[in-house]
Amino acid sequence: MVNIPNREYWLSDERKEKTLQTLNREMGWVFVGVLALVISVNHLVYQANLRDDRTLSDLFLLVFIGFLAFIAIWMLRFFTMFKLPKEK
């Protein structure tokens, strides 16, 4: 049920526990990023409802671009974390 690069290598018996701990930690960071996005958008919607024109501020675009940048950086880290080690 785990879909990571080089799955056979990283989920072998001698690496499985550490790999699952790493996956748990990394998914925690994704949760933090999504939670920050939800809280930020909720706050922006609340502020928009207090204004007469009821429109989202331009900060929404900044928040969304920040979230996309976070996910892009996280993905780069994730894929480099699970690449095969170089042969000695």
Side-chain angles (χ1 to χ4, degrees):
M1 292 180 63
V2 177
N3 190 11
I4 60 174
N6 306 304
R7 178 182 185 169
E8 293 78 22
Y9 177 82
W10 292 109
L11 292 177
S12 65
D13 291 336
E14 63 270 5
R15 292 178 198 84
K16 186 174 184 175
E17 185 176 338
K18 188 169 188 324
T19 299
L20 292 177
Q21 288 174 354
T22 301
L23 283 171
N24 190 28
R25 183 186 68 236
E26 292 304 313
M27 290 299 117
W29 279 110
V30 171
F31 175 74
V32 168
V34 171
L35 184 62
L37 175 70
V38 169
I39 289 171
S40 300
V41 171
N42 190 29
H43 179 70
L44 291 172
V45 168
Y46 178 79
Q47 285 182 331
N49 283 312
L50 294 177
R51 289 195 296 269
D52 291 332
D53 62 355
R54 305 255 195 268
T55 58
L56 282 175
S57 73
D58 295 335
L59 285 176
F60 173 74
L61 188 59
L62 183 65
V63 166
F64 189 64
I65 289 172
F67 175 73
L68 291 178
F70 166 77
I71 291 298
I73 292 168
W74 180 87
M75 285 175 57
L76 285 172
R77 283 187 60 241
F78 184 80
F79 284 111
T80 57
M81 196 177 300
F82 288 108
K83 67 181 180 179
L84 286 176
K86 295 181 179 175
E87 297 290 326
K88 293 180 181 180

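Evaluation of the side-chain hydrogen bond (donor to acceptor under 3.5 Å, both in side chains) test over residues 53-67, restricted to residues two or more places apart or in two chains, returns Asp53-Thr55. Residue pairs meeting the salt bridge (charged side-chain N to carboxylate O under 4.0 Å, His left out) criterion with at least one partner in residues 27-42, sequence neighbours excluded, do not occur; the list is empty. Within the structure, salt bridge (charged side-chain N to carboxylate O under 4.0 Å, His left out) pairs that include any residue of residues 11-33 comprise Glu26-Arg77 (at least two apart or interchain). For residues 60-70, there are no salt bridge (charged side-chain N to carboxylate O under 4.0 Å, His left out) pairs, not counting sequence neighbours.
Both Val38 and Val45 sit in one connected hydrophobic cluster of ILVMFWY residues. Membership requires side-chain heavy atoms under 4.5 Å apart, directly or through other members. Residues Leu11 and Phe79 share a single hydrophobic cluster, defined by chaining ILVMFWY side chains whose heavy atoms lie under 4.5 Å apart. Val30 and Ile39 sit in two unconnected hydrophobic clusters of ILVMFWY residues. Membership requires side-chain heavy atoms under 4.5 Å apart, directly or through other members. Val41 and Leu56 fall within a single hydrophobic cluster, where Ile, Leu, Val, Met, Phe, Trp and Tyr side chains are chained together by heavy-atom contacts under 4.5 Å.
No side-chain heavy atom of Phe64 sits less than 4.5 Å from a side-chain heavy atom of Ser40. Looking at heavy atoms from C-beta onward, Phe70 lies out of side-chain contact with Val32 at the 4.5 angstrom threshold. Side-chain contact between Trp10 and Leu20: absent, with no pair of heavy atoms (C-beta onward) separated by less than 4.5 Å.
Applying the side-chain contact (heavy atoms from CB on, under 4.5 Å) rule to Phe67 yields the partners Val34, Leu37, Ile71; only residues at least two apart in sequence or on another chain are considered. When the side-chain contact (heavy atoms from CB on, under 4.5 Å) test is applied to Leu84, the partners found at least two apart in sequence or on another chain are Asn6, Tyr9.
Atom CE of Met81 has more than 12 heavy atoms from other residues, nucleotides or ligands within 6.0 Å. Within 6.0 Å of atom CH2 in Trp74, more than 12 heavy atoms from other residues, nucleotides or ligands are found, so the atom counts as buried in its surroundings.
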